[in-house]
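These notes concern the structure reproduced below.
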Amino acid sequence: MIKKQLIAASLALTTALSGCSQSEDVAIPTVTHEENKKPNVVIFYIDDLGWGDLGSYGATGVETPAIDRIADNGIRFTDGHSSAATCTPSRYSLLTGEHGFRSQAKILKGDAPALIQPGKATLASMLKKAGYTTGVVGKWHLGLGDGNVDWNADIKPGPLEIGFDYSFLLPATGDRVPTVYVENHNVVNLDQADPIQVNYRGKVGDRPTGYENPELLRFWADPQHNETIVNGVSRIGHMAGGESALWKDEDFAQVFTDKAIEFIRANKDNPFFLFKSYHDIHVPRLPHPQFEGKSTMGVRGDAIVQMDWMTGRVIDEIENLGLAENTLIIFTSDNGPVLFDGYRDSAIELLGEHKPAGPFSGGKYSRLEAGTRVPTIAYWPGTIKPLVSDALVSQMDIYASLAKLVGVEVPEGEAVDSLDQLAVWLGESTEGRTDLLEESLGNVALRHHNYKFIPGNDSKPRFIKAKKIRGGYQSDDQLYDLDQDIGEHNNIAAENPELVEQFRTRIAEITQGSY
């Protein structure tokens with residue numbers, strides 16, 4: 001049975017929040033209730049973390065004690081999936097409960113318009129119906145504004161127009177301009193006398209670029225990542241102005257963690273939803289110096305250590321406030337791992353015996369299992385019992401499952417790909433999905449129980465080869481029995497034509513209709 005209880009009496013805070021020099025004070029909204037019987041919900045959404053990148057999933061060369069603790073005391077899913085092998089579609093699916101292909105979601109430029117427009121139901125707006133205060137802190141990469149963003153004025157629509165009460169964002173990614181924080185509707189610490197310009201077509205302003213001034217770079221970047229230099233790193237896109245608002249990559253851990261804790265403290269007496277969305281371990285990997293050398297794998301491993309530290313700080317705060325037994329925590333990643341993704345930072349050379357994807361093939365961008373099979377953990381002390389679950393679960397199902405938990409009815413046509421899997425997420429059942437589509441760069445593959453079917457396609461992204469990832473893009477159909485062939489090496493499509501046609505039909509049924 002689902003455990004519901006009142007939050008314990010508020011604890012007096014004994015330490016002040018660490019200062020965030022990057023931001024002026026902005027009031028965190030609260031919603032007052034006489035009592036709180038609904039659990040708080042925190043989603044830790046990591047970037048580019050592979051199935052094998054945590055100690056609890058078999059990592060070597062790096063330790064992740066904070067996350068391993070919740071994995072050992074919660075549910076550690078072995079077959080948990082993002083909806084897509086790239087981040088924007090996965091984030092879209094998590095927040096809307098539907099596949100990214102239904103809205104042509106793809107990896108966005110840093111100045112792209114808002115992908116989720118006002119009026120579209122989201123996980124945040126659904127939880128607000130149940131009385132939750134909602135916040136997002138960290139990487140966004142779902143677009144902002146209407147396609148002609150003025151970074152020097154109110155930036156909207158954005159998270160506040162689709163159900164969030166508070167947002168503190170990295171607008172796109174760390175490797176894209178603009179390299180500033182956006183709090184609610186405005187760039188943080190912006191001097192209006194030094195307005196921001198962003199252009200993805202040509203150079204603006206006089207900042208050096210990687211292609212003009214390679215001698216200024218901290219490490220080599222490929223042509224895509226070789227434009228405006230900020231903090232010694234060239235980025236995708238060109239940016240001028242906004243000097244006082246520029247962030248420093250090494251500060252991400254402190255800044256975003258402090259903002260998340262500030263939001264939790266402001267809402268400790270009320271039900272809250274926090275979407276804690278990480279930049280780590282995405283490129284450029286520039287962890288704070290305190291994490292230097294904390295792994296054997298260079299900056300990628302050190303960024304994993306930093307990510308674990310950030311997660312542990314937030315969990316410790318929840319426990320110190322007496323909220324742990326009334327807080328459901330979900331930890332997962334937006335897609336699988338990638339070692340080289342535009343910058344030469346020795347991630348490949350220093351990998352050692354570590355296997356970021358565990359026993360699976362592929363990774364970020366790939367049609368194979370490691371593209372979407374990612375670490376997935378559910379933790380709720382006193383309600384969820386320790387369990388290792390082999391159930392097939394999808395991040396899209398968080399929407400319908402939480403709606404069931406908090407008593408919100410999902411109307412027809414909303415979150416159309418999200419299934420009520422609450423019993424699975426709480427460890428009361430190990431019967432997960434039967435079917436799941438896995439997206440990758442405009443393509444889909446089908447998981448049906450233990451089978452993985454990848455329809456043949458002549459489209460083969462050329463950049464995959466440079467990433468040194470097995471992409472699974474080929475003209476012939478592929479069929480794998482994952483019970484016998486977890487690494488997807490033995491294609492059995494030719495020997496099973498009836499299964500191939502059955503699965504091809506099933507893909508059409510889902511893409512043209514629903515599950």
Side-chain angles (χ1 to χ4, degrees), residues 2-3 5 7-8 39-59 62-82 94 137-138 253 256-257 260-261 263-264 268 272-278 280-281 291 294-295 303-334 358 373-391 393-395 397-398 401-402 405 421-428 430 432:
I2 300 169
K3 185 177 180 180
Q5 59 185 28
I7 285 184
N40 306 308
V41 177
V42 176
I43 297 178
F44 293 113
Y45 208 50
I46 317 305
D47 201 315
D48 293 354
L49 187 73
W51 191 96
D53 277 330
L54 300 176
S56 48
Y57 282 81
V62 63
E63 296 181 355
T64 53
I67 300 164
D68 294 343
R69 179 170 72 89
I70 65 171
D72 292 342
N73 292 280
I75 305 173
R76 180 171 68 83
F77 291 101
T78 65
D79 206 357
H81 290 258
S82 60
L94 173 68
V137 173
F256 289 130
T257 304
I261 289 174
F263 176 82
I264 291 170
K268 59 186 173 59
F272 64 81
F273 165 53
L274 172 62
F275 181 37
K276 177 68 171 67
S277 179
Y278 289 57
D280 286 333
I281 55 176
F291 302 104
K294 297 300 183 181
S295 75
I304 293 174
V305 175
Q306 175 172 276
M307 178 272 301
D308 183 75
W309 175 86
M310 296 168 69
T311 307
R313 274 199 64 203
V314 176
I315 295 171
D316 287 348
E317 185 67 25
I318 290 169
E319 293 175 344
N320 292 338
L321 292 173
L323 304 178
E325 292 193 356
N326 199 44
T327 302
L328 169 62
I329 291 174
I330 296 173
F331 176 98
T332 190
S333 177
D334 63 353
R373 194 184 292 216
V374 292
T376 306
I377 298 164
Y379 176 70
W380 186 356
T383 296
I384 290 177
K385 297 178 180 179
L387 175 69
V388 176
S389 175
D390 295 331
V393 295
S394 168
Q395 295 167 8
D397 297 336
I398 293 173
S401 301
L402 289 182
L405 177 63
Q421 295 277 288
L422 181 60
V424 179
W425 285 96
L426 296 182
E428 298 169 352
T430 56

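Note that the structure is a prediction, hence the values are computed from the model and not measured. Just the heavy atoms: all of them, side chains too, but no hydrogens, waters or symmetry mates, feed the values below.
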At their closest point, which heavy atom of [X] faces which heavy atom of [Y], and how far apart are they?
{"X": "V62", "Y": "D53", "value": "CG1-O, 4.2 Å"}
{"X": "D397", "Y": "Q421", "value": "OD2-CG, 3.6 Å"}
{"X": "A66", "Y": "G312", "value": "CB-CA, 3.6 Å"}
{"X": "A59", "Y": "G55", "value": "CB-N, 3.8 Å"}

Could you tell me if the side chain of [Y] sits less than 4.5 Å from the side chain of [X], heavy atoms only?
{"X": "D316", "Y": "R313", "result": "no"}
{"X": "I264", "Y": "L274", "result": "yes"}
{"X": "V305", "Y": "E63", "result": "no"}
{"X": "V424", "Y": "F77", "result": "yes"}
{"X": "D308", "Y": "I304", "result": "no"}
{"X": "L402", "Y": "W425", "result": "no"}
{"X": "P39", "Y": "N326", "result": "yes"}

Quick check for you: to the nearest 0.5 Å, what is the distance between [X] atom [atom1] and [Y] atom [atom2]?
{"X": "M310", "Y": "I261", "atom1": "CE", "atom2": "CD1", "answer": "10.0 Å"}
{"X": "H81", "Y": "T332", "atom1": "NE2", "atom2": "OG1", "answer": "10.0 Å"}
{"X": "S401", "Y": "I330", "atom1": "OG", "atom2": "CD1", "answer": "8.0 Å"}
{"X": "I281", "Y": "L49", "atom1": "CD1", "atom2": "CG", "answer": "5.0 Å"}
{"X": "I384", "Y": "I70", "atom1": "CD1", "atom2": "CD1", "answer": "10.0 Å"}

task = Give the ring-plane orientation class for F331 versus F44, where under 30° counts as parallel, over 60° as perpendicular and anything between as tilted.
result = tilted

message = Closer than 4.0 angstrom, basic N to acidic O: yes or no for K276 and E317?
response =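 Answer for the salt bridge query: no.
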
message = Less than 3.5 Å apart, any donor N or O on the side chain of D334 or S82 sitting next to an acceptor on the other?
response =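 Per modelled atom types, D334 and S82 side chains form no pair under 3.5 Å.
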
message = Under a plain distance cut-off of 3.5 Å, with no hydrogens placed, do D68 and T64 share a side-chain donor-acceptor pair?
response = yes

inquiry  = So if I apply the side chain to side chain contact (heavy atoms under 4.5 Å, CB included) rule between I67 and each of I315, D72, I46, L54, which one comes out positive?
reply    = L54

ask   = W380 and side chain to side chain contact (heavy atoms under 4.5 Å, CB included): which partner among I75, N73, L426, V41?
value =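 The side chain to side chain contact (heavy atoms under 4.5 Å, CB included) with W380 is passed solely by L426 among I75, N73, L426, V41.
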
ask   = Looking at the rings of F275 and Y45, which for Trp means the six-membered one, are their centres under 6.0 Å apart?
value =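 That pair passes the under 6.0 Å test.
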
Is [X] reaching over with its side chain to a backbone N or O of [Y], donor-acceptor style, under 3.5 angstrom?
{"X": "N40", "Y": "F272", "answer": "yes"}
{"X": "W51", "Y": "T78", "answer": "yes"}
{"X": "T376", "Y": "V374", "answer": "yes"}
{"X": "R76", "Y": "P375", "answer": "no"}
{"X": "Q395", "Y": "S333", "answer": "yes"}
{"X": "D280", "Y": "D47", "answer": "no"}

